[in-house]
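Computed from a predicted model, the values in this text were never measured in an experiment. When reading the values below, keep in mind they use all heavy atoms of this one structure, side chains included, and skip hydrogens, waters and symmetry mates.
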Amino acid sequence: MARIFVTGSADGLGQLTATALVAQGHEVVLHARNEKRGQEALNKVPSAETVLTADLSDTQETKQLAAKVNALGNFDAVIHNAGVYQASAEEIFTVNTLAAYILTCLIERPQRLIYLSSGMHLGGSAKLESLDSSVTYSDSKLHVLMLCKAVARKWPEVYANAVDPGWVPTKMGGANAPDNLQRGYETQVWLAVSGDRRAQVSGRYFHHKKEAHYNPEADDMQLQESFLSSCEEITGVRFP
């Protein structure tokens, strides 16, 4: 049995991921934006261990969330699922990019880290010169992949991988999204707890449990280091 923290698990893929993990007998801690959403999350996944609340569009709350997670003890895996799509450039950058960076840096290092990217990252660019003003959803999902690659390189004892869940019919994806909903969360569950050798790897990008093509910019170590430095400068949090 493993213990897993899932960000953004009040609904959508995060909730489905948490539900699947609980059904397998694992201990799961949920996360929601506020108390109301937190109670809704627990109502939907009543067998979860507990729920932690923090608005990831506020970097101070994100830092406090890391402290709350650490206060609960060690986790075997953290799934960085939280994200926004139809939002301002500032909110997209703060929630999708900076929150993943802050939580990665401040939560006690788990054995496995899973980052939700997107096939849309292929159309993104790093934009390190204008991070706070012009970041798109696609850019943010490239940032997430760059962060994952940097973590895999710097923390060889951790399995750190990124996932493209596909365009699935959630609140974010819309009712007409063409991809299979179940396949949209199965890879995250598999990477978090599976003993399958194919899941015990690091620095990979998966789509439906298979390694997929990704933007080679994510492998640029100099770009990764510049990205980490920019995040540190903005948040005041140093990558350990």
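Tracing side-chain contacts under 4.5 Å through hydrophobic residues (I, L, V, M, F, W, Y), one never reaches L145 starting from M120; they form parts of separate clusters. V6 is not connected to Y159 by any chain of hydrophobic side-chain contacts under 4.5 Å among Ile, Leu, Val, Met, Phe, Trp and Tyr, and they are in different clusters. Both V193 and V163 sit in one connected hydrophobic cluster of ILVMFWY residues. Membership requires side-chain heavy atoms under 4.5 Å apart, directly or through other members.
Counting only heavy atoms from C-beta outward, the side chains of L72 and R3 approach each other to under 4.5 Å. Side-chain contact between L98 and I234 is present, with heavy atoms from C-beta onward closer than 4.5 Å. Annotation: side chain of T136 is in contact with side chain of K127 (closest heavy-atom distance under 4.5 Å). Looking at N96 and L56, their side chains never come closer than 4.5 Å, going by heavy atoms from C-beta outward. Residues V29 and V69 are not in side-chain contact: their nearest non-hydrogen atoms beyond the backbone lie 4.5 Å or more apart. A heavy-atom distance below 4.5 Å is not found between the side chains of H143 and Y101. Counting heavy atoms from C-beta on, the side chains of V144 and H121 never come closer than 4.5 Å. Counting only heavy atoms from C-beta outward, the side chains of F206 and E211 approach each other to under 4.5 Å.
With hydrogens and angles disregarded, no donor-acceptor distance shorter than 3.5 Å links the side chain of K141 to the backbone of L122. K44 places a side-chain N or O within donor-acceptor distance of the main-chain N or O of A10, the cut-off being under 3.5 Å. Listed for the T7 side chain is a donor-acceptor partner under 3.5 Å among the backbone atoms of A82. The closest donor-acceptor contact from the side chain of T17 to the backbone of V189 lies at 3.5 Å or more, if one exists at all. Formation of a donor-acceptor pair under 3.5 Å by the S140 side chain with backbone atoms of F93 is not found in this model. Of the possible polar contacts, one joining the N161 side chain to the V201 backbone as a donor-acceptor pair under 3.5 Å is found.
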Check your understanding: Could you walk me through whether F239 and W155 pass the side chain to side chain contact (heavy atoms under 4.5 Å, CB included) check?
Key -> CA-CA 11 Å; F239 190 91; W155 296 350; 3.7 Å; yes
Practice item. Dump the intermediate steps for side chain to side chain contact (heavy atoms under 4.5 Å, CB included) on D164 and Y214, then the final yes or no. Key: CA-CA 10 Å; D164 164 25; Y214 61 88; over 6 Å; no
Check your understanding: Between K149 and D220, does a salt bridge (charged side-chain N to carboxylate O under 4.0 Å, His left out) hold up when you go through it step by step?
Key -> CA-CA 9 Å; K149 293 277 190 177; D220 186 324; over 6 Å; no
Review point. Hey, mind stepping through V78 and I114 against side chain to side chain contact (heavy atoms under 4.5 Å, CB included) and telling me if it holds?
Key: CA-CA 6 Å; V78 175; I114 297 95; over 6 Å; no
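Here the OG1-NZ distance, from T53 to K68, works out to 4.0 Å after rounding to the nearest 0.5 Å. Note that NE2 of H213 and CG of N215 are 7.0 Å apart. Values are rounded to the nearest 0.5 Å. Here the CG-CG distance, from L223 to L228, works out to 10.0 Å after rounding to the nearest 0.5 Å. The CD atom of E49 sits 10.5 Å away from the CG atom of L42 when rounded to the nearest 0.5 Å. Taken to the nearest 0.5 Å, the CG atom of L191 stands 10.5 Å off from the CZ atom of R198. Between the CD1 atom in I79 and the NE2 atom in H31 there is a gap of 14.0 Å [rounded to 0.5 Å].
More than 12 heavy-atom neighbours from other residues, nucleotides or ligands sit within 6.0 angstrom of CD on E225. Atom CG of D196 is surrounded by more than 12 heavy atoms from other residues, nucleotides or ligands within 6.0 Å.
Across all non-hydrogen atoms, the minimal contact from V158 to L113 is CG1-CD1, 4.0 Å. Contact record, N70 with L106: ND2-O, 2.8 Å, taken as the closest heavy-atom pair. Smallest separation of non-hydrogen atoms from V151 and A160: CG1-CB, 3.7 Å. Shortest non-hydrogen contact noted between V51 and A32 is CG2-N, 4.1 Å. Between L13 and P165, the closest heavy-atom pair is CD1-CB, 3.6 Å. In plain terms, the two heavy atoms of D11 and R37 that are nearest each other are OD2-NH2, 3.0 Å.
Between E40 and K36 there is a salt bridge, with a side-chain nitrogen of the basic residue lying less than 4.0 Å from a carboxylate oxygen of the acidic one.
Checking Y185 against N81 by side-chain atom types alone, no donor-acceptor pair falls below 3.5 Å.
Applying the side-chain hydrogen bond (donor to acceptor under 3.5 Å, both in side chains) definition to pairs two or more places apart or across chains, those involving residues 105-114 are R109-E157. Pairs passing the ring-ring contact (aromatic ring centres under 6.0 Å, His included) check and including a residue from residues 47-80, sequence neighbours excluded, read H80-Y115.
Legend: residues meeting side chain to side chain contact (heavy atoms under 4.5 Å, CB included) with A87, ordered by chain and number and at least two apart, are V84, E91, I92. D55 is linked by a side chain to side chain contact (heavy atoms under 4.5 Å, CB included) to R33, S57, E61, counting only residues two or more places apart in sequence or in another chain. Not counting sequence neighbours, S9 has no partner by the side-chain hydrogen bond (donor to acceptor under 3.5 Å, both in side chains) test. With sequence neighbours excluded, no residue satisfies ring-ring contact (aromatic ring centres under 6.0 Å, His included) with F5.
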